[in-house]
Amino acid sequence: MRIGTLGAGIIAQAVARHAIRQGHEVVLSNSRGPASLAPVVEDLGALATAATPAEAAAADLVLLAVPWPRIPDAVTALPRMDGTVVIDATNQFASFPPNPRIADLGDLTGSEYVSSLLPGARLVKAFNTLYAQFIAPDPRHEAGRQVLFLAGDDADAKNTVQDLTAGFGFAPVDLGTLREGGRLMQLGGPLSALHVLKQD
């Protein structure tokens with residue numbers, strides 16, 4: 001599979017490393033341009049390349065991992081992503097610690113809002129409940145596999161993400177729709193920052 005990233009920070013790099021270990025190609029992008037990612041690409045190896053966001057968004061699957069305030073700028077210039085599976089790893093931090101503030105979206109969940117900015121994409125919420133330091137290591141532990149919560153409105157898209165992340169070693173757990181599952185996973189929800197192992 002060819003996986004594109006919108007954003008190339010620690011979460012995108014952690015997911016990219018898992019993908020590359022499984023033989024997937026990764027196309028990273030950020031707002032500063034491909035040249036700024038040369039050291040990251042060199043470190044990730046031959047299966048990693050840097051490109052523009054539009055080129056990364058043309059991949060088979062796309063990971064959205066940019067700070068919440070930058071999401072509109074990151075996605076509005078992209079071509080339509082009809083049918084593309086997009087993993088939304090964002091959290092609705094309007095401002096970050098030490099003075100964090102959660103964006104007020106009214107009745108919408110964070111994922112429903114993101115989905116509204118990506119018409120035609122098949123959005124799956126995942127990776128947002130885990131701190132990056134728990135995404136990066138091998139998710140297989142002596143006591144079990146790191147649980148990866150996910151939610152989405154498209155069953156086939158969720159199956160794609162489940163298969164991909166199970167290959168990484170995670171134990172994916174489907175929580176339902178973007179509204180129901182997304183509310184459990186987002187900031188302030190009961191599963192946010194909950195680190196759980198599934199016993200095998």
Indicate yes or no: at least one non-hydrogen side-chain atom of V114 is less than 4.5 angstrom from one of L123.
-> yes
Exam field: side chain N30 to backbone R32, donor-acceptor pair closer than 3.5 Å | yes
Audit row: V15, F127, side-chain contact (heavy atoms from CB on, under 4.5 Å) steps and yes/no | CA-CA 9 Å; V15 174; F127 290 110; 4.0 Å; yes
Please examine the side chains of K125 and T90, heavy atoms only from C-beta on, and report whether any two atoms are closer than 4.5 Å.
-> yes
Is there a donor-acceptor contact under 3.5 Å from the side chain of H18 to the main chain of I135?
-> yes
Is there a side-chain contact between D43 and R17, using heavy atoms and a 4.5 Å cut-off?
-> yes
Given side chains that start at C-beta, do those of L184 and P190 come closer than 4.5 Å, heavy atoms only?
-> yes
Does any N or O in the side chain of D73 come within less than 3.5 Å of the main-chain N or O of T76, such that one atom is a donor and the other an acceptor?
-> no
Please test V124 against T160 for side-chain contact (heavy atoms from CB on, under 4.5 Å), starting from the C-alpha separation and ending with a verdict.
-> CA-CA 10 Å; V124 178; T160 296; over 6 Å; no
Mark yes or no for whether S192, through its side chain, and G188, through its backbone, hold a donor-acceptor pair below 3.5 Å.
-> no
Taken to the nearest 0.5 Å, the spacing of T177 OG1 from D154 CG works out to 12.5 Å
Report yes if the side chains of L130 and Q146 come closer than 4.5 Å at any heavy-atom pair, otherwise no.
-> yes
Could you go through the side-chain contact (heavy atoms from CB on, under 4.5 Å) check for I87 and I3 one step at a time?
-> CA-CA 10 Å; I87 298 176; I3 298 171; over 6 Å; no
Roughly how far, to the nearest 0.5 Å, is the CZ atom of F170 from the CD atom of Q162?
-> 14.0 Å
Any side-chain heavy atom of P172 within less than 4.5 Å of one from V161?
-> no
Would you tabulate the side-chain donor-acceptor contacts of residues 61-69 under 3.5 Å, counting partners in other chains and residues two or more places apart, or write 'none'?
none

Do side-chain atoms of D153 reach the backbone of L178 as a donor and acceptor pair under 3.5 angstrom?
-> yes
